[in-house]
Amino acid sequence: MSNVQGFLQELFTSIQGEGTWIGHRQIFLRLAGCRETCAFCDTPQSRPPRPKSWQVQFPNIASVPLSMANPVTAPEVVPLLWNFWLTYGPFHSLAITGGEPLEQADYLKALLQELRRQRWPSPILLETNGHLPLGIKKVKRHLDFISADIKLKSACGKPTAWDQHEAFLRHARSVDGCVKVVVVPKTSAVEIVQAARLIRQCVPRWDFIIQPATGVAWKKTPARLQLEALLQAAAHVHPAVRLIPQIHPMLGWA
């Protein structure tokens, strides 16, 4: 497995801007490739599956990103992660994000195995679209936390993959995690209740995070009342529901 090659987008440090672990300082490793075209995507540059190069951004505003060639093996990447930890740490955790990391499940498995072999010192979080059950089945034993999306039709423009999300969550239930749902003004209580029921059935210990789409004028009274109504509807089904917006736009961070 150590010779499996993968395609990366970038390595950098920041704070977690979404979900249950919001505000924690993390190392982020972004894998390339995502087949989705969500309207609210904030990293469309990560969609191409096989970029020729990827960037290492050191935690110094004045530093120039280091360009690295793709593809790359896990033993080539892990020393860079250790360099970040030893030079700029400690960090709360390592976040594996994308793109969609589970589109490279075999490579992700090799990477996680190499991290565990080298006794990586912090928890490992996976950020995922939450609808690739075969992928999560391959890697879940090496993870400490999963942040999974449910892609609602109202926000993404195509039918919600309820069956795939259910299969994913049933495979993932042995790991701690949360489910994030991005909502827009046309999101209905019917959608939110269906998501809450799915979470309650499959991962009852997980938080249900309702995330207002960034850029919408939620301060207007009708929109605010809508968010309160969505929270109320979800809480009737799954009490562990929270409203958490993205915080990077609030800080003016990319």
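Computed from a predicted model, the values in this text were never measured in an experiment. Counting begins at 1 with the first residue of the sequence.
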Checklist entry - Which pairs with one or both residues in residues 49-60 pass salt bridge (Lys or Arg N to Asp or Glu O under 4.0 Å), sequence neighbours excluded? => result none
Item to check | Qualifying salt bridge (Lys or Arg N to Asp or Glu O under 4.0 Å) pairs with a residue from residues 5-16, counting only residues at least two apart or across chains | outcome: Glu10-Arg30
Per-pair distances, 0.1 Å, donor-acceptor, side chain in residues 189-199, under 3.5 Å, sequence neighbours excluded:
| unit_1 | atom_1 | unit_2 | atom_2 | d |
| --- | --- | --- | --- | --- |
| Glu191 | OE1 | Ser154 | OG | 2.8 |
| Glu191 | OE1 | Ser188 | N | 3.3 |
| Glu191 | OE2 | Lys153 | N | 3.4 |
| Glu191 | OE2 | Ser154 | N | 3.2 |
| Glu191 | OE2 | Ser154 | OG | 3.4 |

Contacts of [X] that satisfy side chain to side chain contact (heavy atoms under 4.5 Å, CB included) - sequence neighbours left out:
| X | value |
| --- | --- |
| His92 | Trp21, His24 |
| Ser147 | Glu127, Cys178, Lys180 |
| Pro121 | Trp82, Trp85 |
| Asn70 | Phe7, Leu8, Pro51, Trp54, Val72 |

Item to check | Phe84 ring center near Phe58 ring center (under 6.0 Å) | outcome: yes
Checklist entry - Can you list every side chain to side chain donor-acceptor pair (under 3.5 Å) pair that touches residues 223-244, not counting sequence neighbours? => result Asp207-Arg242, Arg224-Glu228
Item to check | Test side-chain hydrogen bond (donor to acceptor under 3.5 Å, both in side chains) applied to His131 - qualifying residues, sequence neighbours left out | outcome: Glu36
Next on the checklist: Asn83: which residues meet the side-chain hydrogen bond (donor to acceptor under 3.5 Å, both in side chains) condition with it, sequence neighbours left out?
Outcome noted: none
Next on the checklist: Suppose we screen for salt bridge (Lys or Arg N to Asp or Glu O under 4.0 Å). Which residues come up paired with Arg170, at least two apart in sequence or across chains?
Outcome noted: Glu166
Checklist entry - Phe91: what forms a ring pair (Phe, Tyr, Trp, His ring centres under 6.0 Å) with it, not counting sequence neighbours? => result none
Next on the checklist: Could you check whether Asp176 pairs with Lys140 (Lys NZ or Arg NE/NH1/NH2 to Asp/Glu carboxylate O, under 4.0 Å)?
Outcome noted: no
